[in-house]
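Beneath this line is the structure, given in structure tokens, with notes to follow.
Letters go in sequence order (proteins before strands), and every chain restarts at 1. The analysis underlying the following values was restricted to heavy atoms, covering all of them including side chains, and did not include hydrogens, waters or symmetry mates.
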There are 2 protein chains.
Amino acid sequence: MYTTFTVDCVIFGFYEGELHVLLTERNEYPFKDWWALPGFFVNNDEEMEDAVKRILYENTGLKDVFLDQLYAFAGLKRHPQGRILTVAYYALLQLDKTKIKLKPVTSYMRQAKWFPLNKVPDLAFDHTTILKQSVEKLRRRIANTPIAFELLPDKFTLTQLQLVYESILGRELDKRNFRKKMINYGFLKELDEVQKGVAYRAARLYKLDKRKFLKQFQNTITF
Amino acid sequence: MYTTFTVDCVIFGFYEGELHVLLTERNEYPFKDWWALPGFFVNNDEEMEDAVKRILYENTGLKDVFLDQLYAFAGLKRHPQGRILTVAYYALLQLDKTKIKLKPVTSYMRQAKWFPLNKVPDLAFDHTTILKQSVEKLRRRIANTPIAFELLPDKFTLTQLQLVYESILGRELDKRNFRKKMINYGFLKELDEVQKGVAYRAARLYKLDKRKFLKQFQNTITF
DNA sequence: GCAAAAGTGTTGGTCCTACACCCATGT
DNA sequence: ACATGGGTGTAGGACCAACACTTTTGC
């Protein structure tokens, strides 16, 4: 009837053409010195959503991240000391945010670091399972919802957007078809600006038109 | 760090052309005499998935139901006596199973009963919210996954199948288009049988070809 | 024979995929 | 001038929505 209550965070970020996940190095037993998803105990007088934000900040130094609930894990064997229920949350971060300095403000974690998805080590507890489920959810969601924009800075090029799709889906897409499709959606605002500081033809920058975007993808279901 | 741990069940069933949900009448305070989703405390030495099945049985008499996790609710104000974390599960039941006698085997609940979705009363705790979220999930899922079959008996007519879609989506569909689409999917087996005991032309019966069905709709994502 | 639901095709529009070359820019 | 990625169009096929009448059966 009673259980220890924790939350874990799966934070994705996109840079250098690759999808990354944010991990922390544990400084406490059990699993001392192992890499793990940022996570900790929820206080008794604290809303779960507040706890997630607090814990992510304490573990990594990241603030102002919007997280969605993924799944509740409650297996009796998750933790060596008996059942610990964890609710996993996940979030997608914009490229420029990933430049923010990562530094835990708690001694429970030694450091926080971005890992490319295919270079993630074995993780503490059942965090490998949790991460795996998050990636699956991401792939399912990108097919229906254009979550890709959450991984990019405000102004982005179509090639960057395509790279996000390709890195999440794990396959290459046709450039012409991709552009046609995105522009046809009608929620991209073409800017009068182009990229700067590149050693080749500079690409046009685009912005997400949030009004139109939400109109299309917000499920307005009446009960 | 510690919380009371419960599970709630949202059980959908389809009969008489309407989507129904299974509710129980509480026989205990708080919310005595209110209708609520079947749910109760998870034992400390019990896996969550086992607890859901046990509790559903104790509350309603239903057995052998496969439930999927929906969402974890942990608001501090969910329950008058402080935080109670609940993990909500949902399931779809086949028509013939809904004929099973409902009778709670615990004194916590006075009775269990099917309610058509649009005749659900105000529910105990935050169960109205939980139910609402389940229906939304159902609608989202039926667009991508043919979960409708879980609500029908083994052998069904195309009209029955269409009624399931219509009652979940809340709108009418074109008969010819619906049939073409379903038959084109290729996972329906046409049987040599027809309906019996109807006072009009008997409809052909179909069966789900599970092999073909799974091949199409099982996400095979490698990590 | 009539009431009730079963069953059936076509057309026009939209969207998807496959595919290869020229363009603009920085060095 | 060359290397690099930016940017563009078309044709064929698949899928979708709209639309109304005939057939079968039980009573």
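- Along DNA chain C, the nucleotide nearest A:Ala202 and the nucleotide nearest B:Tyr206 are compared for position; the residue whose nucleotide lies closer to the 5' end is B:Tyr206.
- Listed nucleotides: C:dT25, D:dG9, C:dT8. Nearest to the side chain of B:Lys175: C:dT8.
- Put simply, the side chain of A:Lys181 and the base of C:dT17 share no donor and acceptor less than 3.5 Å apart.
- In this structure, B:Ile183 atom CD1 and C:dG9 atom P are separated by 11 Å, rounded to whole Å.
- Spacing between atom CZ of A:Phe156 and atom C1' of D:dG6 amounts to 16 Å, rounded to whole angstrom units.
- One finds a salt bridge joining A:Arg110 and A:Asp33 here, because a Lys/Arg side-chain nitrogen approaches an Asp/Glu carboxylate oxygen to under 4.0 Å.
- Annotation: cation-pi geometry not satisfied between A:Lys181 and A:Tyr185 (NZ/CZ under 6.0 angstrom from ring centroid, within 45° of ring axis).
- B:Thr159 comes within 4.0 angstrom of the backbone, heavy atoms only, and of no base.
- Map A:Ala199 and A:Thr157 each onto its nearest nucleotide of DNA chain D; the residue landing nearer the 5' end is A:Ala199.
- Rounded to whole angstrom, the span from the CZ atom of A:Arg204 across to the P atom of C:dA24 amounts to 12 Å.
- Look at A:Glu193 and A:Lys155 and you find a salt bridge, because one of the NZ, NE, NH1 or NH2 atoms lies within 4.0 Å of a carboxylate O, short of that distance.
- Across all strands, A:Arg179 comes closer than 4.0 Å to base atoms (heavy-atom distances).
- For the pair B:Lys196 NZ and D:dT25 C1', the interatomic distance rounds to 15 Å; values are reported in whole Å.
- Between A:Trp114 and A:His20, the two ring planes are perpendicular [angle over 60°; tilted spans 30° to 60°].
- At whole-Å resolution of the value, CZ in B:Arg176 and P in D:dA20 are 8 Å apart.
- On a pure distance criterion of 3.5 Å, a polar donor-acceptor pair joins the side chain of B:Arg201 and the base of D:dT23.
- Computed from coordinates, the A:Tyr185 OH to C:dC15 P distance equals 10 Å when rounded to whole Å.
- For A:Asn184 and C:dC15, a side-chain-to-base donor-acceptor distance below 3.5 Å is absent, hydrogens and geometry of angles not being considered.
- With respect to the salt-bridge test (charged N to carboxylate O, under 4.0 angstrom), the residues B:Glu25 and B:Lys113 do not qualify.
- B:Leu173 places its CG atom 11 Å from the P atom of D:dA18, with the value rounded to the nearest Å.
- Checked against D:dT4, C:dG7, C:dG9, the side chain of B:Lys180 finds its nearest nucleotide in C:dG9.
- Summarising the geometry, the separation between CG on B:Asn177 and P on D:dC15 is reported as 14 Å, rounded to the nearest angstrom.
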